[in-house]
Asks: 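Sending over a structure as structure tokens; questions will come in a sec.
All of these numbers come straight from a predicted model, not from anything done at the bench.
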Amino acid sequence: MNSKKTNPVAIINEPILNYESGSGERNELKKAIRAGRSGVIEIPMYIGTEKIVSGKKTRIAPPYDHKNTIAHFYEGDETHVRKAIEEALKIKKYWSENSTEHRAEIFLKAADLVSGKYRAKINAATMLGQSKNVFQAEIDSACELADFLRFNVKFMYEIYAVQPYSPEGINNMMEYRPLEGFVFALTPFNFTAIAGNLPCAPALMGNTVVWKPAFSQIYSANVIMEILLEAGLPPGVINLIYVDGPVAGEVILHHRDFAGIHFTGSTKVFTEIWRTIGNNLSNYKSFPRIVGETGGKNFMLAHASADTKALSTALLRGAFEYQGQKCSATSRAYIPESIWPELKKYLLDDLKTVKMGSPENFTNFINAVIDERAFDRITKYIHEAKKAKEIELIAGGNYDKSVGYFIEPTIFLSSDPHYVTMCEEIFGPVLTIYIYEDEKFEDIIKLADATSSYGLTGAIFASDKRAIELLTSELKNAAGNFYINDKSTGAVVNQQPFGGARRSGTNDKAGSMLNLLRWVSPRVIKENFNPPTDYRYPFMKKE
């Protein structure tokens, strides 16, 4: 049964280090980057107690220097998927019967390793493998991952502490059982922290997991597994496999013991997964839990009262940090014509100072996009927009993949609020702006709400309180994470739990208790200390 103890640990968000010139953390990180560059490592799959190698090796190269090999990983097939499921089910009983305190201890130790001994290594891995600058790596792979691991423990204890009322002579208890079967974690390339949280959150609650990361995140996924095993996670609780998505899905989504999926990725893939699960409901032991965060076409809507300098900074950071490869990135903006000239000047002046290149050069703000496929997809949007009569190129628009997959921060001005770059998720450093007449402010709110099928993040800028109240009310369903006078990115665990609805996912709010509740199946236990000995009720007595 679950522990009724309260959380014994005071949890705070992991402080973000600055990596200033000459600092200890900067020197350690540079040392870790040099170590990553010094040789080519071999990355196995982790299935049960084995580190599995296969006959198929796949190359890993930094996206910003794609001719330089830093690792190979061993790609699996359906036999490895089946083996991972077997191992997850084999250890299921042992792991689920471990005490709450023991599970908590393992993940808290993992958090300490992330933020301490392995901080430089996991940041370096994220920079090398995923082309993040030092700050983006720090807030993701060190701070957010440690926050997920620690706060999930806090949320677990809070869940277990919620118990039903027990009248005299009765003891009622809520037991939070892990799901019956195994959980599939399907994780993205863009956040090391998300890749770690998706398998770890269900595992903390007593589930066992098959984890398939994006191929472009395997370099840092390997470090996460090193950390978890060093923290004492029993082999087989989380099984890390490298297979194509359809190969994994064909086996996992048809398995009788499939209990749930924890997913972050594209809306298209999530839709196909949901459809497959629906078609196989009669085959499962239980109805699977489906938890997913998908895409976004996130907006910035400014009022004429907005602080234009702060707005400019929010747009640049929201649209272009990590090359726009955040599901929360600002990709469409609605700006009143009265403030556009001033805002445009601020944007262009700041963009003149933005440097693009390798994340190993700490002065670079923009780095490469993740791979050639992403580069080709993003640049196709840019190429087509340059030819469109309703589009004006304001900044950027250039790109080059000869050394790395580099795309300049690009801003378009559109006279058509329904042009494709205002509506479709691009997942790259492309921002499209639509200028509206100030007097049509209320109309533009309706337009912003209706333009996209997504509902992930959104931001508004205004100093007029009535405008803020109106925007907050009318855009209630447009974003699961809503920002007032701030950028649309940067959600912090336990501060802004993350997730959206509409076509952006199930809104189960990673970084909160709500997410962990999805990985348990409650059982109510009633113990009667004075059971009745006569079936007759008082109402049955004769008058």
Asks: Within the structure provided, determine whether Y157 and E101 are in side-chain contact (heavy-atom separation under 4.5 Å).
Replies: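 Yes; the side chains approach each other to less than 4.5 Å.
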
Asks: Just by distance, no angles: are the side chains of T432 and S414 close enough, under 3.5 Å, to form a donor-acceptor pair?
Replies: no

Asks: Mind checking whether N239 and F182 have side chains closer than 4.5 Å, heavy atoms only?
Replies: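 When only atoms from C-beta onward are counted, F182 and N239 do not touch, as no gap falls below 4.5 Å.
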
Asks: Carefully, step by step, assess M156 and Y176 under the rule side-chain contact (heavy atoms from CB on, under 4.5 Å).
Replies: CA-CA 10 Å; M156 176 182 68; Y176 296 92; over 6 Å; no

Asks: Got a salt bridge between R119 and E138, using NZ or NE/NH1/NH2 to carboxylate O under 4.0 Å?
Replies: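 Salt bridge between R119 and E138, a charged N being under 4.0 Å from a carboxylate O: yes.
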
Asks: Has E442 got more than 12 heavy atoms of other residues, nucleotides or ligands less than 6.0 Å from its CD?
Replies: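 No, because the 6.0 Å sphere around CD of E442 holds 12 heavy atoms or fewer from other groups.
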
Asks: Side-chain contact, heavy-atom cut-off 4.5 Å: L145 with I224?
Replies: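 The answer is yes; the side chains approach within 4.5 Å.
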
Asks: What distance separates I218 CD1 from I241 CD1, expressed to the nearest 0.5 Å?
Replies: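 Answer for the CD1-CD1 pair, I218 versus I241, is 10.5 Å.
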
Asks: Is there a side-chain contact between W95 and L233, using heavy atoms and a 4.5 Å cut-off?
Replies: yes

Asks: Under 3.5 Å, is there a donor-acceptor pair between the side chain of R289 and the main chain of V520?
Replies: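 Confirmed, R289 side chain pairs with V520 backbone.
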
Asks: Could you go step by step and tell me if H303 and I460 meet the side-chain contact (heavy atoms from CB on, under 4.5 Å) rule?
Replies: CA-CA 8 Å; H303 182 256; I460 61 170; over 6 Å; no

Asks: Enumerate donor-acceptor pairs with a distance under 3.5 Å from any side-chain N or O in residues 251-269 to protein atoms, sequence neighbours excluded.
Replies:
from : atom 1 : to   : atom 2 : distance (Å)
H254 : ND1    : E250 : O      : 2.9
H255 : ND1    : D257 : N      : 3.0
D257 : OD1    : K285 : NZ     : 3.1
H262 : ND1    : L198 : O      : 2.9
H262 : NE2    : N515 : ND2    : 3.2
S266 : OG     : V269 : N      : 3.1
T267 : OG1    : T294 : OG1    : 3.1
T267 : OG1    : G295 : N      : 3.4
T267 : OG1    : R503 : O      : 3.0

Asks: Is it true that the side chains of E230 and Y118 contain a donor and an acceptor less than 3.5 Å apart?
Replies: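 Yes, Y118 and E230 have a side-chain donor paired with an acceptor closer than 3.5 Å.
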
Asks: Answer whether the closest heavy-atom distance between the side chains of F215 and F73 falls below 4.5 Å.
Replies: yes

Asks: Decide yes or no for L301 and F441: does some side-chain heavy atom of the first lie under 4.5 Å from some side-chain heavy atom of the second?
Replies: yes

Asks: Please check: side-chain N/O of N280 versus main-chain N/O of T276, any donor-acceptor pairing under 3.5 Å?
Replies: yes

Asks: Quick one: do R502 and Y454 satisfy side-chain contact (heavy atoms from CB on, under 4.5 Å)? Show the steps, please.
Replies: CA-CA 5 Å; R502 293 182 174 171; Y454 295 109; 5.8 Å; no

Asks: Would you compute the distance between atom CG of L186 and atom CZ of F270 and round it to the nearest 0.5 angstrom?
Replies: 10.0 Å

Asks: What closest approach, in Å, do A201 and N152 show between heavy atoms, and which atom pair accounts for it?
Replies: CB-ND2, 3.9 Å

Asks: So, does K297 use its side chain to make a donor-acceptor pair with the main chain of M422 at under 3.5 Å?
Replies: no

Asks: Do the side chain of N133 and the main chain of Q136 share a donor and acceptor less than 3.5 angstrom apart?
Replies: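 At least one qualifying donor-acceptor pair exists.
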
Asks: Output all residues satisfying salt bridge (Lys or Arg N to Asp or Glu O under 4.0 Å) with R275, sequence neighbours left out; order by chain, then residue number.
Replies: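 R275: salt bridge (Lys or Arg N to Asp or Glu O under 4.0 Å) contacts with E272.
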
Asks: Does a sphere of radius 6.0 Å around CZ in R377 hold more than 12 heavy atoms from other residues, nucleotides or ligands, not counting ones at 6.0 Å or beyond?
Replies: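 For R377, atom CZ is crowded (more than 12 foreign heavy atoms under 6.0 Å).
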
Asks: Could you work out, with salt bridge (Lys or Arg N to Asp or Glu O under 4.0 Å) as the rule, every residue matching D147, not counting sequence neighbours?
Replies: none

Asks: With a 4.0 Å cut-off on N to O distance, would you call K154 and E158 a salt bridge?
Replies: yes

Asks: Between Y46 and N222, does a side chain to side chain donor-acceptor pair (under 3.5 Å) hold up when you go through it step by step?
Replies: CA-CA 9 Å; Y46 295 79; N222 182 58; 2.7 Å; yes

Asks: Looking at V493, is its backbone amide N or carbonyl O close enough to the side chain of Q496 to form a donor-acceptor pair, meaning the two atoms are under 3.5 Å apart?
Replies: no

Asks: Which residue, D508, L204, I159, V291, forms the side-chain contact (heavy atoms from CB on, under 4.5 Å) with W519?
Replies: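 It is V291, the one option of D508, L204, I159, V291 that forms the side-chain contact (heavy atoms from CB on, under 4.5 Å) with W519.
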
Asks: Would you say the side chain of C200 lies within less than 4.5 Å of the side chain of L149, judging by non-hydrogen atoms?
Replies: yes

Asks: Atom CG in D307, atom OG in S463: separation rounded to 0.5 Å?
Replies: 8.0 Å

Asks: Once salt bridge (Lys or Arg N to Asp or Glu O under 4.0 Å) is applied, do any residues pair with D350, and if so which ones, sequence neighbours excluded?
Replies: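 Salt bridge (Lys or Arg N to Asp or Glu O under 4.0 Å) check on D350 returns K309.
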
Asks: Identify every side-chain donor-acceptor pair in residues 124-132 under 3.5 Å, counting partners at least two apart or on other chains, and give the distances.
Replies:
from : atom 1 : to   : atom 2 : distance (Å)
T126 : OG1    : I122 : O      : 2.9
T126 : OG1    : S141 : OG     : 3.3
T126 : OG1    : T192 : OG1    : 2.9
Q130 : OE1    : T192 : OG1    : 3.4
Q130 : OE1    : S220 : OG     : 2.7
Q130 : NE2    : F189 : O      : 2.8
Q130 : NE2    : T192 : OG1    : 3.2
S131 : OG     : A368 : N      : 3.1
S131 : OG     : A368 : O      : 3.1
K132 : NZ     : D140 : OD2    : 2.8
K132 : NZ     : N190 : O      : 2.7

Asks: How far does OH of Y381 sit from CD1 of I426, to the nearest 0.5 angstrom?
Replies: 6.0 Å

Asks: Suppose the criterion is side-chain hydrogen bond (donor to acceptor under 3.5 Å, both in side chains): which pairs have a residue in residues 464-485, not counting sequence neighbours?
Replies: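 Counting only pairs at least two positions apart or across chains, the side-chain hydrogen bond (donor to acceptor under 3.5 Å, both in side chains) contacts touching residues 464-485 are N481-K509.
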
Asks: Let's go through V237 and I106 carefully: what are the C-alpha distance in whole Å and the side-chain angles of both, what is the deciding distance for side-chain contact (heavy atoms from CB on, under 4.5 Å) to 0.1 Å, and is it a yes or a no?
Replies: CA-CA 12 Å; V237 172; I106 290 170; over 6 Å; no

Asks: Near L281 CG, under 6.0 Å, is it more than 12 heavy atoms from other residues, nucleotides or ligands?
Replies: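 Yes, the 6.0 Å shell around CG holds more than 12 heavy atoms from other groups.
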
Asks: Quick one: pull up OG in S331 and CD in E425 and give me the separation to the nearest 0.5 Å.
Replies: 7.5 Å

Asks: Ignoring hydrogens and geometry, is there a side-chain-to-backbone donor-acceptor pair from K487 to T489 under 3.5 Å?
Replies: yes

Asks: Give a yes-or-no answer on whether the side chains of R518 and T506 include a donor-acceptor pair shorter than 3.5 Å.
Replies: no

Asks: Would you confirm whether R332, through its side chain, and A448, through its main-chain N or O, come within 3.5 Å as a donor-acceptor pair?
Replies: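 Such a contact is found between R332 side chain and A448 backbone.
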
Asks: Does the ring center of Y434 lie less than 6.0 Å from the ring center of Y419?
Replies: no

Asks: Is the shortest side-chain heavy-atom distance between I43 and I60 below 4.5 Å?
Replies: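 They are in contact (side-chain heavy atoms under 4.5 Å apart), so the answer is yes.
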
Asks: Look up atom CG in L17 and atom CZ in F135, then write down how far apart they are to the nearest 0.5 Å.
Replies: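 Those atoms lie 11.0 Å apart.
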
